[in-house]
Amino acid sequence: MAPPRKSENKQGVKPGSTQNQVRWTRTEMEHALNSMRQRLAPQITDRALLQQYLEVDNLDVDRAVNRWQTHRARILAGAAPPPSDSSSSSSSDSDGEDDGEGVDEGGIFEGMQANAIAERFNANIEQERRDAALAFRLEIEDSSVGYVVLSPSQAIFFLYICGWDLGVALSRWNSTSLKESFLLLGEFDRMRKPLHREIDVSDEVTLLAQDERLATFINITGRPDWYSLRERLVEADWNLIEAVAAWFRPGVRPERPSSTGNGPGIRVDVNLRELDWPADGDCDAAEGTVMDEGWGQEPNYFAPDNPFPNPPNPVKENPVAATTKPRGTKPIDGRERRNGFLIHIDSSQARETAQIGIRNPELFLIEWICKGKYWYNRFKHNKLGFPEYEAAQNIPPRANPLPEFDWKNQDHINLLNNWRRQVTNRATGYNTRQGSQLWSQEEIDFLISLTEELFQEAKREFKDKTEAELLPLVITNKVKEDWQRRFNAKFTGTIQPGSDKERIDRKSSALMTQRGRIRILVDKYKVTEDKQWFKRQENKKEKAKAKVKVGEKRKRDSSQEVKRESSQEVEEITQGEFESTIATAASDGGESGGEEEEQANDADDEE
DNA sequence: TTCCGGAAAATGCCTCGAGG
DNA sequence: CCTCGAGGCATTTTCCGGAA
């Protein structure tokens, strides 16, 4: 099914197409392109061509992918170009989804045939990528700045940066100065440094660097047998660039793990079936491409002049995230978990969420490298059914089948996205933004005073109006800006009770949200109340009461409360819930060890 | 026991469409 | 054009079962 078009009157409307009034926004097209690339990976792609397929299928990624794969298979089979565009070829296709259905393909198959990547299509994906590197080098030599001759690793890494999309790579190369292009590649120079051959479990930094390089190597080659790549890296003393060059020529032979602890050494598909091992011969680089005489020499460094050769660059597009980049281990859910590195899904797309109406089963699987090993996790949910997965795993059907995961159901999409966020966070330690900070009483008071002040001003300015007529106050953007400025001037950098971290800036939107959660502002100044939030507050109170009544003995000890410096305690106290807190503290005295104590209490109860 | 990870609640932040 | 408000998004916390 085509995705819903929520916003047809935005910039996506183009008067051009007549018979096809359905258009889409730039964002929708980007989502579709990303999904399509994810589903085609590790094949090579070309952005313009992908776009053509999506347009023919009205942004229906499912259909576009099917059509693409059908055409690709036809080209791989050496199919002679079909006589004309239409019926003869598509109607006899054996795969279930027929791609015709009266849609005028508009010469789209010819478009693929004419595209530079078609020449490089190969059933052997590794070879397809090597050939794409050659195509990239040749294109660059032909272009106006033709005096550049790339080495294999230069071409490979640049294509990798561009997600193995030849069109993207070429346009990016041509729109970037040579110096900058090499500077981009220079990001990888730090991965040349040899690392310890053996794994020293105590050396966190080395382990982290090894994981990053292994993950990158897997992503560059697209190989399923991760263990083979790891062995090759060890052989190269973990010099990734050397290993990549060796993969290009002569190739990396498959190697199965001999010891336990590494599993079978191969990745899984979205239904958790092991992928096929490549045959020895399939891993050798083909003569034609690599023996090409025109390749440039491998440089010692991609960017010898790089003023920042060593430090990993912070994420540029999101300055906030820079502070939360992986740095070894990081407490998540109150536990230290070592950071890992995603594979399969391009890290630049790691935060791409599932979109309603766009089927993309790839999102059910998250794979990563951590602690020198391959890890994965697959989305399941105890209230939803996954027929393909269940069939693949030989899970017996239920008496009452669960509703199937539905790509058109926003609730299901949200479940999936929540799960992906959680798993990605736990696996990588990477967050897209800083954790939010709880509001202190002083901040709340200041927010109240701002409203108060505005109200007094309004009364002075509109003397003829009654107070009731002035409420609720209109908060103009200008006022919001002013509030934000004053608020941050007062609090940013301070340490507020309930936290040991310095306050970061809050945006005016955050201030506006908080206003609806302050009783005085709601009652006295008619600010629209956040009903959901107040309802939860009520629930919380009741729960706390019930707890006090029922299990006087089953209480957390005080040391645990201190550990949880981040807060609810503070909140509760400011909301006037002294009783329960005090009762808690009193009931369990000065004993220690929450869990043990609970067990002790259970024992007591039994006796 | 320790670690992994599923599920959902809690809290805060932010976007975007409806409607003035 | 501007503001409001609903609801989506992100992170953290909590609880807990189960595997290693």
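Letters A, B, ... are given to chains in the order of the sequence lines, protein chains preceding strands, and every chain is numbered from 1. Both backbone and side-chain heavy atoms feed into the values below; hydrogens, waters and symmetry mates do not.
No donor-acceptor pair under 3.5 Å is formed between the side chain of A:Gln210 and the backbone N or O of A:Val234. A donor-acceptor pair is defined here as one N or O able to donate and one able to accept, closer than 3.5 Å; such a pair exists between the side chain of A:Asp211 and the backbone of A:Lys371. A:Trp483 contributes no side-chain N or O that, together with a main-chain N or O of A:Leu511, makes up a donor-acceptor pair within less than 3.5 Å.
A:Glu538 has its CD atom 17 Å from the C1' atom of B:dA9, to the nearest Å. One can place CD1 of A:Ile366 at 16 Å from P of B:dC4, the figure rounded to the nearest angstrom. If you measure from atom CD of A:Gln532 to atom P of C:dG7, you get 8 Å, rounded to the nearest angstrom. For the pair A:Gln484 CD and B:dC14 P, the interatomic distance rounds to 9 Å; values are reported in whole Å. Computed from coordinates, the A:Asn382 CG to B:dA8 C1' distance equals 11 Å when rounded to whole Å. Spacing between atom CH2 of A:Trp439 and atom C1' of B:dC13 amounts to 11 Å, rounded to whole angstrom units. Computed from coordinates, the A:His31 NE2 to C:dG8 P distance equals 15 Å when rounded to whole Å. Whole-Å rounding puts the A:Lys531 NZ to C:dG5 C1' distance at 11 Å.
When distances run from any side-chain atom of A:Asn425 to the nucleotides C:dT12, C:dC4, B:dT11, the shortest one goes to C:dT12. Closest to the side chain of A:Asn477, out of C:dC2, B:dA8, B:dT11, is C:dC2. Taking every side-chain heavy atom of A:His381 into account, B:dA8 is the closest of C:dT3, B:dA8, B:dT11. Comparing atom distances between the A:Trp533 side chain and each of C:dG5, B:dA8, B:dG12 picks out B:dG12 as nearest. Closest to the side chain of A:Lys371, out of B:dA8, B:dC4, B:dC13, is B:dC4. Of the candidate nucleotides C:dT13, C:dC4, B:dT15, C:dC4 has the atom nearest to the side chain of A:Val474. Comparing B:dA10, C:dC4, B:dC13 by their closest approach to the side chain of A:Arg536 singles out B:dA10. Set against B:dC13, C:dC2, B:dG6, the side chain of A:Val423 has B:dG6 as its closest nucleotide. If you check B:dG5, B:dA7, B:dC14 against the side chain of A:Trp368, the one that comes closest is B:dG5.
Between A:Lys507 and the phosphate of B:dT15, there is no side-chain N or O to OP1/OP2 separation shorter than 4.0 Å. Residue A:Gln537 has a polar side-chain atom (N or O) positioned under 4.0 Å from OP1 or OP2 of B:dT11. The phosphate of C:dG5 has OP1 or OP2 within less than 4.0 Å of a side-chain N or O from A:Thr528. Checking the phosphate oxygens (OP1, OP2) of B:dG6, a side-chain nitrogen or oxygen of A:Trp419 falls inside 4.0 Å. Residue A:Lys383 places at least one side-chain N or O closer than 4.0 Å to OP1 or OP2 of B:dA8. Between A:Ser436 and B:dG12 there is no side-chain N or O to OP1 or OP2 distance below 4.0 Å.
At a cut-off of 3.5 angstrom, the base of C:dC9 holds no donor-acceptor pair with the side chain of A:Thr353. Between the base of B:dG6 and the side chain of A:Arg426 there is a donor-acceptor pair shorter than 3.5 Å.
Contact annotation for A:Leu511: no contact, since no heavy-atom pair falls under 4.0 Å across all strands. The residue A:Lys535 sits apart from the nucleic acid: no heavy atom pair falls under 4.0 Å. Counting any heavy atom pair closer than 4.0 Å across all strands shown, A:Asn414 reaches sugar-phosphate atoms only and no base atom. Counting non-hydrogen atoms under 4.0 angstrom, A:Asn418 reaches nothing in the nucleic acid. Nucleic acid contact for A:Gln437: sugar-phosphate only, since backbone atoms but no base atoms lie under 4.0 Å from a heavy atom of the residue.
A:Glu529 pairs in a salt bridge (charged side-chain N to carboxylate O under 4.0 Å, His left out) with only one of the listed residues (A:Lys524, A:Arg519, A:Lys535, A:Arg515), which is A:Arg519.
Between A:Phe455 and A:Tyr525, the ring planes are perpendicular. Angles over 60° get that label, and only those under 30° would be called parallel. The aromatic rings of A:Phe405 and A:Phe386 sit parallel, their planes meeting at an angle under 30°, below the 60° perpendicular limit.
Within residues 448-469 of chain A, no residue has a heavy atom under 4.0 Å from DNA chain C.
Nearest-nucleotide mapping onto DNA chain B: of A:Lys380 and A:Arg506, the residue sitting toward the 5' end is A:Lys380. Heavy-atom nearest nucleotides on DNA chain B were determined for A:Phe379 and for A:Arg517, and the one closer to the 5' end corresponds to A:Phe379. Between A:Ile475 and A:Gln410, the residue anchored closer to the 5' end of DNA chain C is A:Ile475, taking for each the nucleotide with the nearest heavy atom.
Using a 4.0 Å cut-off between a side-chain N of Lys or Arg and a carboxylate O of Asp or Glu, A:Asp62 and A:Arg39 qualify as a salt bridge. Ionic pairing of A:Arg486 and A:Glu453 is present here: one or more N-O contacts between side-chain nitrogen and carboxylate oxygen are shorter than 4.0 angstrom.
Annotation for A:Gln410: atom CD counts as buried by contact number, over 12 foreign heavy atoms lying within 6.0 Å.
The structure places CG of A:Leu447 at 9.0 Å from CE of A:Met512, a figure rounded to the nearest 0.5 Å.
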